[in-house]
Amino acid sequence: QTNPVRSSRSTVGTMTELNDHLKLLFARAAQLFDKQTAEAVKHDNPQTIFAQLQALSAGDPRWVITFPVQLPANTTADELQAWLSASGFSRVHTQRAGKAKDDPQVLDVAADRFRVQSAEPSRVMEAIEVALQRGSGRMTAYRMPASADSDSIGQAFRFSTGLHCPDSDLRYSEPVPSMFSFNSPAGACPVCKGFGRVIGVDYGLVIPNDKLTLRMGAIKPMQTPAWQECQDDLMRHAESAGIPRDTAWYKLTTEQQHWVVHGSPNWNGKWNQQWYGVKRFFEYLETKSYKMHIRVLLSKYRSYTLCGECNGARLQTESLLWRIGSLAGADAAMPAGKRFLPSGVNWSRHQLETLPGLCLHDMMLLPIDRLRLFFDYMASDASLTAHAQAEQQALHLLLDEIRTRLKYLCDVGIGYLSLDRQSRTLSGGEVQRINLTTALGTSLVNTLFVLDEPSIGLHPRDMSRITQAMH
């Protein structure tokens, strides 16, 4: 009994079709979080904005509804007044500078002022709709303090339509199932193309013996007669930079090791004046890889390394900003300290641990029995009831399919596997049980299963589990 799978794109998740179900679930029910502020990003419309203003109106404060307008920095007061009059508005609530130095100034033009609890709902809705229309889907509501002087602009609450974060001013694309698949160009990491690994220089092979000093030849590729000049450059520049040349590599500080590998911090591109570093040395060799002996040299120091762009998640950053489930379910399935922090986000570790649910890569890393526990929590998640009736039915069908397949995988004794496990690393017995649970999970009727020597490679305990699962 052998494992016929050879492709590194095939995982336990793709073999069991759980990845297909999960990408549909994320496209329908996941919540997006901004990659800069870690705040939830959701679709705002006049009705939801009105409801939020009502919830924030304790004490019946006065509100100023504004929309942003960008004007060139050299606009005069007369030109501004003429533009306001032509547009039918007469008041600028506040003026803000652009985010960058050369960005135009932003004016928050007042669309209306009122107290929510005493104003007519139609007036509030009309002001919100006008502000969203004039502001290209963005508006700001200022809550004025009860006893404020004339210089106070109040507390700002920003809203926007579409998947747009008003605080960071970032807009996101609508979720589609292909965004959550590493086998699709829409979701795969652009660097590793969905493999999670890249072929690069392995510095463990470049510096195989960390007890050697720089003078004794810690940098192995530079010890041959052909590259003795590079070793001489290292010795000369290390002396001028104050890097110990007779200290074992493992005793050098992190900054000193970084200098050797990455070169002088203020690199000016002149190879004979500064130390270029081991990294640039290999980049130079890459430009000469049309020569056979250079390709042979490079092959000695290459290996598969974790992709630096996605950190092994296989997906692009935007796909990992979507999360599903509750905080209680996430805490029950995975310790907070082990949750995956996507690269390219400005989140702190504390912010990540307080976010509800799990991202897709968290689910890939979980053992199947722990993932089953997470989806048991999801079955009673109140967030699923917020969708329309037809959408709820589709979500419950998806959840039932996922929980059924997870149950079969646990029943046949492979709950210790993770969905991210490559299929080619599985034993023959594990592959046979996965194929069987895939067939059982499709809920076929009037089907005859013919098992050819099912006991080969399986423990007798596992045979009894398979028999019970099939019954």
field: Six-ring centre of Tyr304, Arg197 cation under 6.0 angstrom, axis tolerance 45°
entry: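 So Arg197 does make the cation-pi contact.
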Verify whether one side chain among [X] and [Y] offers a donor that lies under 3.5 Å from an acceptor in the other.
{"X": "Gln117", "Y": "Arg115", "result": "no"}
{"X": "Tyr203", "Y": "Gln257", "result": "no"}
{"X": "Arg295", "Y": "Ser299", "result": "no"}
{"X": "Asp44", "Y": "Ser160", "result": "no"}
{"X": "Gln31", "Y": "Arg323", "result": "no"}

Ignoring hydrogens, what is the shortest heavy-atom contact between [X] and [Y]? Give both atom names and the distance.
{"X": "Ala218", "Y": "Pro208", "result": "O-CD, 4.3 Å"}
{"X": "Ala394", "Y": "Arg28", "result": "CB-NH1, 3.7 Å"}
{"X": "Phe114", "Y": "Ala119", "result": "CB-CB, 4.0 Å"}
{"X": "Lys35", "Y": "Gly344", "result": "CD-O, 4.0 Å"}
{"X": "Met139", "Y": "Ala131", "result": "CB-CB, 3.9 Å"}
{"X": "Ala141", "Y": "Phe159", "result": "CB-CE1, 4.1 Å"}

So, do [X] and [Y] sit near enough that their side-chain heavy atoms are less than 4.5 Å apart?
{"X": "Ser289", "Y": "Leu298", "result": "yes"}
{"X": "Trp259", "Y": "Thr253", "result": "no"}
{"X": "Met179", "Y": "Ser173", "result": "yes"}
{"X": "Leu358", "Y": "Leu366", "result": "yes"}
{"X": "His164", "Y": "Leu170", "result": "no"}
{"X": "Ile207", "Y": "Val278", "result": "no"}
{"X": "Leu399", "Y": "Phe375", "result": "yes"}
{"X": "Leu373", "Y": "Arg370", "result": "yes"}

Working to the nearest 0.5 angstrom, can you tell me the gap between [X] [atom1] and [Y] [atom2]?
{"X": "Glu39", "Y": "Arg158", "atom1": "CD", "atom2": "CZ", "answer": "12.5 Å"}
{"X": "Glu401", "Y": "Thr404", "atom1": "CD", "atom2": "OG1", "answer": "6.0 Å"}
{"X": "Met363", "Y": "Leu25", "atom1": "CE", "atom2": "CG", "answer": "7.0 Å"}
{"X": "Leu406", "Y": "Asp369", "atom1": "CG", "atom2": "CG", "answer": "10.0 Å"}
{"X": "Ile434", "Y": "Ser423", "atom1": "CD1", "atom2": "OG", "answer": "6.5 Å"}
{"X": "Asp108", "Y": "Phe67", "atom1": "CG", "atom2": "CZ", "answer": "9.5 Å"}

Backbone N/O of [Y] and side chain of [X]: donor-acceptor pair under 3.5 Å:
{"X": "Ser181", "Y": "Ser178", "result": "no"}
{"X": "Ser57", "Y": "Leu53", "result": "yes"}
{"X": "Arg280", "Y": "His262", "result": "yes"}
{"X": "Glu430", "Y": "Ser427", "result": "yes"}
{"X": "Thr14", "Y": "Ser10", "result": "no"}
{"X": "Ser343", "Y": "Glu309", "result": "yes"}
{"X": "Arg405", "Y": "Thr16", "result": "yes"}
{"X": "Asp112", "Y": "Ala127", "result": "no"}
{"X": "Ser168", "Y": "Gln36", "result": "no"}
{"X": "Arg349", "Y": "Gly337", "result": "yes"}

Under-4.0 Å salt bridge between [X] and [Y]:
{"X": "Arg302", "Y": "Asp202", "answer": "no"}
{"X": "Glu353", "Y": "Arg339", "answer": "no"}
{"X": "Arg171", "Y": "Asp34", "answer": "no"}

message: Using 30° and 60° as the class boundaries, would you call the ring planes of Trp63 and Phe157 parallel, tilted or perpendicular?
response: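 Aromatic pair Trp63/Phe157 classed tilted.
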query: Can you say whether the rings of Phe26 and Phe180 are parallel (under 30°), tilted (30 to 60°) or perpendicular (over 60°)?
result: tilted
Is the [atom1] atom of [X] crowded by more than 12 outside heavy atoms at less than 6.0 Å?
{"X": "Glu120", "atom1": "CD", "value": "no"}
{"X": "Arg62", "atom1": "CZ", "value": "no"}
{"X": "Gln133", "atom1": "CD", "value": "no"}

message: For Ser7 and Arg424: C-alpha separation, side-chain torsions, deciding distance, then whether side-chain contact (heavy atoms from CB on, under 4.5 Å) applies.
response: CA-CA 7 Å; Ser7 172; Arg424 62 181 183 176; over 6 Å; no
field: Criterion side-chain contact (heavy atoms from CB on, under 4.5 Å) on Trp249 and Asn209, from CA distance to verdict
entry: CA-CA 8 Å; Trp249 175 262; Asn209 186 357; over 6 Å; no
- request: Decide side-chain contact (heavy atoms from CB on, under 4.5 Å) for Phe281 and Leu285; before the verdict, give the C-alpha distance in whole Å, the side-chain angles of both, and the deciding distance to 0.1 Å.
  value: CA-CA 6 Å; Phe281 168 74; Leu285 292 181; 3.7 Å; yes
field: Tyr172 ring center near Trp322 ring center (under 6.0 Å)
entry: no
From CA spacing to verdict: side-chain hydrogen bond (donor to acceptor under 3.5 Å, both in side chains), Thr37, Trp347: CA-CA 7 Å; Thr37 63; Trp347 301 348; over 6 Å; no
query: Step by step, would you call Asp420 with His361 a side-chain contact (heavy atoms from CB on, under 4.5 Å)?
result: CA-CA 8 Å; Asp420 201 39; His361 189 55; 4.1 Å; yes
Identified side chain to side chain donor-acceptor pair (under 3.5 Å) counterpart of Asn183 within the set Lys23, Arg9, Lys193: Arg9
